[in-house]
Amino acid sequence: MLAVQERWSGVRVVPQVCYGIRIYEPGATLSAHVDRFESHVLAGILNVAQSSKPWPLVIQDHEGTPHAVELRPGESLLYEAARLIHARPTPLSGDNFSNAF
């Protein structure tokens, strides 16, 4: 993912944090937030597995327009986590949703 992030961002990326798989359970939500600038300027999400309906991540672009992004298992998303407000406001409908960050 490092090479992909560097091509996407156009800058040299210094890895700071890599989370293992986070498993969300039925009814989970994620409040709107931005991540820490010290460690999460660029972020990548990899959808590892899900047994649920799609669970969109809503990201506001630089103009404040929200975009709902749905990832299927095996798909990933790169975004400016310390700059763009993001959330999962809709409760998870299903048994689980697993992502690596």
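These values consider heavy atoms only, across backbone and side chains, with no hydrogens, waters or symmetry-generated copies.
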Same hydrophobic cluster for L57 and Y24, using side-chain heavy-atom links shorter than 4.5 Å among ILVMFWY? yes
Quick one: closest heavy-atom pair of R72 and E75, and the distance? N-OE1, 2.7 Å
Look up atom CG in L78 and atom CG in L46, then write down how far apart they are to the nearest 0.5 Å. 10.5 Å
By salt bridge (Lys or Arg N to Asp or Glu O under 4.0 Å), which residues pair with R7, not counting sequence neighbours?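 So R7 forms no salt bridge (Lys or Arg N to Asp or Glu O under 4.0 Å) with any residue.
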Taking salt bridge (Lys or Arg N to Asp or Glu O under 4.0 Å) as the definition, give me every residue that meets it alongside E6, ordered by chain and number, with sequence neighbours left out.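 Result, salt bridge (Lys or Arg N to Asp or Glu O under 4.0 Å) vs E6: none returned.
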Contacts of type side-chain contact (heavy atoms from CB on, under 4.5 Å), residue E25, not counting sequence neighbours: none
Applying side-chain contact (heavy atoms from CB on, under 4.5 Å), name anything that partners V69, two or more places apart in sequence or on another chain.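 Once residues adjacent in sequence are excluded, the partners of V69 under the side-chain contact (heavy atoms from CB on, under 4.5 Å) criterion are L71, L77.
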Using distance only, find each side-chain donor-acceptor pair of residues 86-101 under 3.5 Å and give its atom names and separation, not counting sequence neighbours.
residue: H86; atom: ND1; partner: H33; partner atom: O; Å: 3.3
residue: H86; atom: ND1; partner: L84; partner atom: O; Å: 2.8
residue: H86; atom: NE2; partner: H33; partner atom: NE2; Å: 3.2
residue: H86; atom: NE2; partner: D35; partner atom: OD1; Å: 3.4
residue: R88; atom: NH1; partner: W55; partner atom: O; Å: 2.4
residue: R88; atom: NH2; partner: N99; partner atom: OD1; Å: 3.3
residue: N96; atom: ND2; partner: S51; partner atom: OG; Å: 3.3

Hey, what else clusters with I85 if you join Ile, Leu, Val, Met, Phe, Trp, Tyr whenever side-chain heavy atoms sit under 4.5 Å?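 Traced through the cluster, I85 reaches V34.
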H62 side chain reached by R83 side chain, heavy atoms, under 4.5 Å: yes
Within the 4.5 Å heavy-atom criterion, are L42 and E80 side-chain neighbours or not? yes
